[in-house]
Structures are given as C-alpha cells and as structure tokens.
Amino acid sequence: MNVTIVDYNSGNISSVINSFKEVARDKVNIEVTADLNKIKSSDKVVLPGQGSFKSCVDALNGIKGLVDTLNEFAINNKKPLLGICVGLQMFADIGFEEIETKGLGWISGKVSKIDNQNGKYKLPHIGWNQINIVKDSKIFKDIENNSHMYFVHSYEFIPEDKSVVSATTDYSSNIICSIEKENIFGTQFHPEKSDKTGLKIISNFIDL
Amino acid sequence: MLKNRIIPCLDVKNGRVVKGINFVDLKDAGNPVEQAKIYSDGGADEICFLDITASNENRDTIYDVVDKTSKKCFVPLTVGGGVRSVEDINKLLNCGADKVSINTAAVQNAKVVEDSSRKFGSQCIVVAIDAKRNNDGWEIFTHGGRNQTGINALEFASKMEKCGAGELLVTSMDKDGTQSGYDTELMQKISSAVNIPVIASGGVGTLDHLVDGIKSGASAVLAASIFHYGTYSVNEAKQYLASKDIPVRI
C-alpha cells in the first residue's frame, strides 16, 4: 500500500512524515511528494497544513494541477484522504484568515477565528485538550472518549452540515476538531504530535 | 478543557546533555535523544532543547540531535539557542523541530520574528525573553543573559506578540538557578499584558513552584534541574498539580 503525504510547501511537515513512518514501519510505503502521478496512484493521501489558511491555499494553487488531482482523488474516486490542521480547514468553501480566501469546497462551511471572548481565552489555542467524540469515526477505533490531543490553532472550521462532525473540544466554546464525511477525514489537532493516542489515529487511517 | 503544560528542558552542548542525570535505565546519560524519550514516555507535554554550544564549528551537532529525537518522540519539540535567522529556523524545522525559540535575534532584529512567523506560521515561533528586575520593572538581556539592553520586558513582550510570536518563553534571570521559585510577579504581569500563551521559566526547586507558576497566569511551566537530577519525575509533577486542582494531562 502507498500512502502519500502531499508536500506542497505548506510549512513544516517533518513531524507528519516521522509519525507516519513510525506507524508504517515496513508494511506501508510512505511517499512525500507533490508529484501528480504519484498522488493519483496512491491508496491514501494525507494533506498537512501549517501557517495561515491563505498561505496553504496559495501553496496548493502554486503547484499546477494539484487541486484538480486532489479533487479527482477524494471527490471523484472517493479514496481516503486525511487533512491535518489547516489541511482540514481547506476542505471548507471559504476561510477568513488574513483575507477572504476560497478553499477546496469539499465540505460546505467556513473557517473563522475562534471567539476568544474579549481576551478571556488566549490565542493560539495551544496545548493538550480533550476530545469529545460525538460520532463514530473509523479513525477513532480504540480511541477512548476524552482522550488528550495536541492543538495549535487560532481558527476553526465550521461546517454547515453538523453530521460530518466526529469530535469537538472545549475551548471558549465547543470547537469542531474532527470530521468524517464518507472517505474524507480531518483533524484540527495534530495526531503526529499527540503521542501514542495520536499514533493510533494515524494507524487507524493507514489501516482503513 | 485545555490542560496546563509541563515542559522539561535539556541544556545541550556539542550534542550532549550538559548536566548529569541519575536515571537508572539510561544507557547514556549524556545522550539528549534518550533523555528526551524518557521525558516523553513519562508524560512530558512538550520537550525543549536549549543549545548552548559556544563554538560555531560544533553548531551543527544540534541538527543531528533534533533529527534523531523527532523520530523517537511524538510530542512537540521546541529548540532554541543560537537561532539567528529565518534560515536557521528553517533548518531546525526541517530536522523535525516543531517550534523554534528566538532570543537575541528577536531583540536585535524584530523582522526575524515577523518574517519567520509569516513564513512558517506563528505556531512555531516562540520568543524567549530573559528578564531581570530593575528600579522600574524588568529589563531584558540578550546573549544568554550577558548583554544589557535597556528594553522594558513588558513593552518588548507586547511588541513580540504584534510581530507574530505564537508564545513567549519568559525566564527570570534573578530566579534562574536559585531553585527558589518563578518570579511570579513577572509572569503575572506579562501574561496579563499579552493574549498569547506564556511559558514560565527560571527558578523551579519544588513542585509547589510549578503550582505557583500556573497560578500566576502562565499556560505552561518549564523546568530543567528538578527533572534533570531526578528530584521529581514529570509524572510526579503532574500528579502533584492535579492534586492541587490544576488541570493537567495524565
């Protein structure tokens, strides 16, 4: 099996690579590339993302044919795709970080700044927070409810259809932190930095 | 609920841990990779390396340490010490650091903070502030505490927040190495002045000091020697904080 981590200059992805390689060992081949043919032929795709919504979208668009290839992979061919952090946020129609920016439009909704209640809550939301699993998700197999995950973000994805939400976390309000829509998965938290529980989520995705 | 973080810090020089450690299971007490692994297995919420390598020719040793650690530890890894430029930050991130802390360079040239947070995202830019009390508050120092700057710590903290720092690592130079507790007044003042998380550092000698650090408004507490010398394990520290009703990840 081939799992491709999309390397589209979205900032620091070395931890994502390390964690997937740790879980995959010799059983699964982990590719790190933006090569369109390699993405097309892979079984699963991971879409990481760090920095701002705009910078990630710009970086995706900066590689000719990449967005089309991802659309074909996830929407037409319905192959499993996992978005992490801004990788998840980009599923939205639109994001409001820096400037209004169009997303991939895979899951209707928007990405807006977390309401910090007039400075009552610090932003970014950094650190370990518990997830409240609200829907069975294949990537949560053997993950206990209220498990701790590592978060770093100031913006949140708000989908229109709440049935795609698989987990929320409590920070100033109930922030949506995981989604599953058919073959499309996303986590706002960083499984690659969430120790053994995070590695288990990665393993669940690889085992899909 | 967001948990308060406990961050053990390791001083690394020429690729080796500086102070001796008493852990029994450690094959090589001076090996930062093994040490970091013990901390992360013990429940450390993040790991911090402070590179204090003096000579330029040995500076590359830290890259190797970061690379090896990031392949074994799956909690966030912050690396600081001698970070001068956007290129230095890029190199550390590529080796597997999740965050980079910037001290002297941030004071000398705030543009490094602006440029790097724009390029890599605020989440990986930590500004380290070394502060010392003076007549009218706290003054920041650079070059590992050697150079006086005349800059007010609170003003500098706000400036760094505006430049795009994701977190502030605040060390009290008056307290560092004394084991007499954090400068809680400093932590409280800076935490209130900014809306980004503050990591308290400098002066921890007992577990109560960690409690005081969190109560002063810091989102995370950093400590070196109490964990270094095995006085307390990270897990003991967390259990203690939990017993004082401070939310931690256990």
Less than 4.5 Å to any heavy atom of chain B: does that hold for the side chain of A:Thr169, its backbone, both, or neither?
neither
CZ of B:Arg5 to OH of A:Tyr150, rounded to nearest 0.5 Å, is 5.0 Å
I need the B:Asp45 CG to A:Asp195 CG distance, nearest 0.5 Å.
9.5 Å
Expected output: side-chain A:Ser14 to main-chain B:Leu93 donor-acceptor under 3.5 Å
yes
Measure distances from B:Ser117 to the heavy atoms of chain A and classify the residue's part below 4.5 Å as side chain, backbone, both or neither.
neither
Anything in residues 82-103 of chain A with a heavy-atom distance to chain B below 4.5 Å? Please list those residues in order.
none
Closest contact, heavy atoms only, A:Ser15 versus B:Gly96:
OG-O, 3.8 Å
Checking heavy atoms, do the side chain of A:Lys196, its backbone, both or neither come under 4.5 Å from chain B?
side chain
Under a 4.5 Å heavy-atom cut-off, does chain A meet the side chain of B:Asp98, its backbone, both or neither?
both
Would a distance-only check, ignoring hydrogens and angles, find a side-chain to backbone donor-acceptor pair under 3.5 Å from A:Lys193 to B:Phe74?
no
Turns out that what part of A:Asn116 lies under 4.5 Å from chain B's heavy atoms comes down to side chain
Given a strict heavy-atom distance threshold of 4.5 Å, which part of A:Ile126 is in contact with chain B: side chain, backbone, both, or neither?
both
Tell me whether A:Lys135 at atom NZ has more than 12 heavy atoms from other residues, nucleotides or ligands lying less than 6.0 Å away.
yes
For the backbone of B:Lys71 and the side chain of A:Lys21, can you confirm whether one donor and one acceptor N or O come within less than 3.5 Å of each other?
no
Compare every heavy atom of B:Ile196 with every heavy atom of A:Pro124, then report the nearest pair and how far apart it is.
CD-CG2, 4.1 Å
Interchain contact, A:His125 with chain B, by part (heavy-atom threshold 4.5 Å)
side chain
Spacing of NZ belonging to B:Lys119 relative to CG belonging to A:Asn9, to within rounding of 0.5 Å:
9.0 Å
Interatomic spacing from OG in A:Ser154 to CD in B:Gln123 - rounded to 0.5 Å
9.0 Å
What closest approach, in Å, do B:Val248 and A:His148 show between heavy atoms, and which atom pair accounts for it?
O-NE2, 4.4 Å
Within 6.0 Å of CG in A:Asn146, more than 12 heavy atoms from elsewhere
yes
For the candidates A:Leu123, A:Asp170, A:Val152, which exhibits the highest count of non-hydrogen atom pairs separated by less than 4.5 Å from chain B?
A:Leu123
More than 12 heavy atoms from other groups under 6.0 Å of CD on A:Gln117
yes
Verify the neighbour count for atom NZ of A:Lys162: are there more than 12 heavy atoms of other residues, nucleotides or ligands below 6.0 Å?
yes
Using non-hydrogen atoms only, which part of A:Tyr121 is less than 4.5 Å away from chain B: side chain, backbone, both, or neither?
backbone
side-chain hydrogen bond (donor to acceptor under 3.5 Å, both in side chains) against A:Glu31, all qualifying residues, sequence neighbours excluded
none
Under 4.5 Å to a heavy atom of chain A? For B:Ile199 that would be neither
Would you mind checking which part of A:Gln130 comes under 4.5 Å of any heavy atom in chain B, side chain (CB onward), backbone (N, CA, C, O), both or neither?
both
Other residues, nucleotides and ligands only: do more than 12 of their heavy atoms fall within 6.0 Å of NZ on B:Lys159?
no
Write down the atom of A:Asn12, the atom of B:Ala97, and the distance for their closest heavy-atom approach.
ND2-O, 2.9 Å
Nearest-0.5 Å distance, CG of residue B:Leu2 to NZ of residue A:Lys122:
12.0 Å
Shortest non-hydrogen contact from A:Trp128 toward B:Val75:
CZ2-CG1, 3.9 Å
Calculate, to the nearest 0.5 Å, the distance between atoms CZ and OG belonging to B:Arg118 and A:Ser52 respectively.
10.5 Å
So what's closer than 4.5 Å to chain A heavy atoms on B:Ser70: side chain, backbone, both or neither?
both
